[in-house]
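These numbers come from a predicted model, not from an experiment.
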Amino acid sequence: NRAGYKFIGSGHDDNGGIFTQAFETKDLDKLLARCEAFGYKTASERTTVTLESVGEIDTVLVSGVNGTLYQFYQVK
């Protein structure tokens with residue numbers, strides 16, 4: 001890339017694009033149903049993880065327009 005940085009985990013090494021954006025929701029099931037109704041596809045299985053800062057969350061990746069990934073999560 002032009003700046004000389006190596007980006008790990010991004011779609012392309014030659015850009016500084018954001019790999020994913022994360023959004024909290026109060027009702028993950030309802031949000032995923034709406035995404036499906038609009039034709040978006042889930043890009044990962046729903047997973048429960050524990051974060052030190054907030055505790056347990058349910059999280060899933062959704063593939064949006066042009067393959068952009070969005071992470072949605074719900075604090076348990």
Derivation of the side chain to side chain contact (heavy atoms under 4.5 Å, CB included) call for V62 and L32 = CA-CA 8 Å; V62 173; L32 291 174; 3.8 Å; yes
Steps toward side-chain hydrogen bond (donor to acceptor under 3.5 Å, both in side chains) verdict (T59, Q71):
CA-CA 7 Å; T59 184; Q71 179 182 14; 2.8 Å; yes
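Using a distance-only test at 3.5 Å, with no hydrogens or angles considered, no donor-acceptor pair links the side chain of E24 to the main chain of Q74.
The only option from L28, V49, T48 that meets the side chain to side chain contact (heavy atoms under 4.5 Å, CB included) definition with I57 turns out to be V49.
Comment: D29 engages R46 in a salt bridge, judged by a side-chain N to carboxylate O separation of less than 4.0 angstrom.
The two residues S44 and V60 make their nearest non-hydrogen contact at O-CG2, 3.3 Å. Between L69 and S63, the shortest heavy-atom distance links the atoms CD2-CA, 4.1 Å. Between Y70 and G64, the shortest heavy-atom distance links the atoms CE1-CA, 4.0 Å.
Classified by interplanar angle (parallel below 30°, tilted 30° to 60°, perpendicular above 60°), the ring pair F38/Y40 is tilted.
Atoms OH and CG, from Y73 and L51 in turn, are 8.5 Å apart once rounded to the nearest 0.5 Å.
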